[in-house]
Amino acid sequence: MSTQGGSVLERVRGLVREVAKFGAVGGLGVLVNLGVFNLIRSTTDLQVVRASVMATIVAIATNYLGFRYFAYRDRAQSGRTREMALFAGFSVIGLVIENGVLYTATYGFGWDGPLASNVFKFIGIGTATVFRFWSYRTWVFKALPPVAPPVAAEPVPGPEPEPANN
């Protein structure tokens, strides 16, 4: 029951490791995002979604470093310009998802107190994380093709030995 990328169990273990690393980097990103968001909200008069967008941008920069040098350090590293452009593009889509949830709660339903803002920001982060995980692993930090195990060289046929005459 072996597939191109290894056995099913090996592939599941690899996915679990990837999710754990993604989660570690993402967890730090959530802390940065919420920390910067609340810092901006408590020290400025910026509107909630503007503060959130700024915090998301800071978290995106933090996350890129974590993903490139920790979570996906074993992935292809050629085409860094392409990688960064894709990361930025998918991150912007994630930013829109994340802040769209907050915008809807704040301006659509009037839920704009500090607790509500943090709850809906967190829900937005979670929703966008699903998209980001899929897009980053599929398009940005592509897995390297599996390395085939070395094949033992077959003996090269040579001339037939002469029968011994006794």
Side-chain angles (χ1 to χ4, degrees), residues 1-44 46-105 114 117-151:
M1 184 185 245
S2 181
T3 60
Q4 182 181 359
S7 74
V8 172
L9 183 59
E10 289 170 342
R11 292 178 68 199
V12 168
R13 284 181 180 154
L15 181 60
V16 167
R17 279 191 301 273
E18 181 179 348
V19 168
K21 287 180 178 180
F22 187 91
V25 172
L28 176 62
V30 168
L31 293 176
V32 167
N33 198 332
L34 291 173
V36 171
F37 173 68
N38 284 294
L39 179 66
I40 292 171
R41 293 284 291 152
S42 67
T43 60
T44 71
L46 277 179
Q47 294 174 338
V48 66
V49 176
R50 288 184 183 168
S52 179
V53 167
M54 292 174 69
T56 303
I57 291 168
V58 173
I60 287 169
T62 303
N63 285 351
Y64 178 77
L65 296 172
F67 290 138
R68 168 43 51 216
Y69 297 107
F70 174 67
Y72 294 115
R73 71 176 174 258
D74 60 330
R75 301 291 175 96
Q77 294 197 26
S78 60
R80 193 58 63 97
T81 302
R82 177 185 174 278
E83 174 184 287
M84 291 177 83
L86 286 171
F87 183 85
F90 288 119
S91 294
V92 167
I93 295 169
L95 180 145
V96 170
I97 293 168
E98 174 184 329
N99 291 289
V101 170
L102 182 61
Y103 181 91
T104 302
S117 293
N118 277 281
V119 166
F120 287 102
K121 175 133 178 86
F122 189 77
I123 291 170
I125 290 170
T127 305
T129 295
V130 174
F131 168 77
R132 288 177 177 133
F133 178 73
W134 169 80
S135 63
Y136 294 167
R137 79 181 306 262
T138 304
W139 300 100
V140 181
F141 302 107
K142 288 185 174 185
L144 295 171
V147 177
V151 178

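We're numbering straight along the sequence, starting at 1.
- A donor-acceptor pair under 3.5 Å is formed between the side chain of Asn99 and the backbone N or O of Leu95.
- Annotation: side chain of Phe133 is in contact with side chain of Val19 (closest heavy-atom distance under 4.5 Å).
- Annotation: side chain of Val48 is not in contact with side chain of Lys121 (no heavy-atom distance under 4.5 Å).
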Arg137 vs Leu15, side chain to side chain contact (heavy atoms under 4.5 Å, CB included): CA-CA, chis, key distance, verdict:
CA-CA 10 Å; Arg137 79 181 306 262; Leu15 181 60; 3.7 Å; yes
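- Among residues two or more places apart in sequence or in another chain, the salt bridge (Lys or Arg N to Asp or Glu O under 4.0 Å) test is passed with Arg41 by none.
- Between Phe87 and Tyr64, the angle of the ring planes goes over 60°, which puts this pair in the perpendicular group of the 30/60° scheme.
- A salt bridge does not link Arg13 with Glu10: every distance from a Lys NZ or Arg NE/NH1/NH2 to an Asp or Glu carboxylate oxygen is 4.0 Å or more.
- Annotation for Val25 and Asn63: closest pair O-OD1, 3.4 Å, computed over non-hydrogen atoms.
- Judged as a side chain to side chain donor-acceptor pair (under 3.5 Å), the pairs with a partner in residues 124-133 (not counting sequence neighbours) are, in order, Glu98-Arg132.
- In plain terms, the two heavy atoms of Ala59 and Gly29 that are nearest each other are CB-O, 3.6 Å.
- Taken from OH in Tyr136 to CG in Leu86, the straight-line distance is 11.0 Å, to the nearest 0.5 Å.
- Among residues two or more places apart in sequence or in another chain, the ring pair (Phe, Tyr, Trp, His ring centres under 6.0 Å) test is passed with Phe122 by none.
- In this structure the side chain of Lys21 never reaches within 4.5 angstrom of the side chain of Tyr72, judged on heavy atoms.
- Taking 4.5 Å as the limit, every side-chain heavy atom of Arg68 sits out of range of all side-chain heavy atoms of Met84.
- Atom CG of Leu34 is separated from atom OG1 of Thr56 by 9.0 Å, given to the nearest 0.5 angstrom.
- A distance of 12.5 Å separates CD1 in Ile60 from CG in Leu65, rounded to the nearest 0.5 Å.
- Of all heavy-atom pairs spanning Gly94 and Ala128, the tightest one is O-CB, 3.4 Å.
- A side-chain donor-acceptor contact under 3.5 Å links Ser42 to the backbone of Leu39.
- Annotation: side chain of Tyr103 is not in contact with side chain of Ser52 (no heavy-atom distance under 4.5 Å).
- Phe120 and Ala105 make their closest contact through CG-CB, 3.4 Å (heavy atoms, listed as atom of the first residue, atom of the second, distance).
- Atom CH2 of Trp139 has 12 or fewer heavy atoms from other residues, nucleotides or ligands within 6.0 Å.
- For the atom pair OG1 of Thr44 and CZ of Arg50, the computed distance is 11.0 Å after rounding to the nearest 0.5 Å.
- In terms of heavy-atom proximity, Ile40 sits nearest to Ala51 at CG2-CB, 3.5 Å.
- For the atom pair CD1 (Ile123) and CG (Asn118), the distance works out to 11.0 Å, reported to the nearest 0.5 Å.
- Heavy atoms only, all atoms of each residue included: Ser117 and Leu102 are closest at O-CD1, 3.5 Å.
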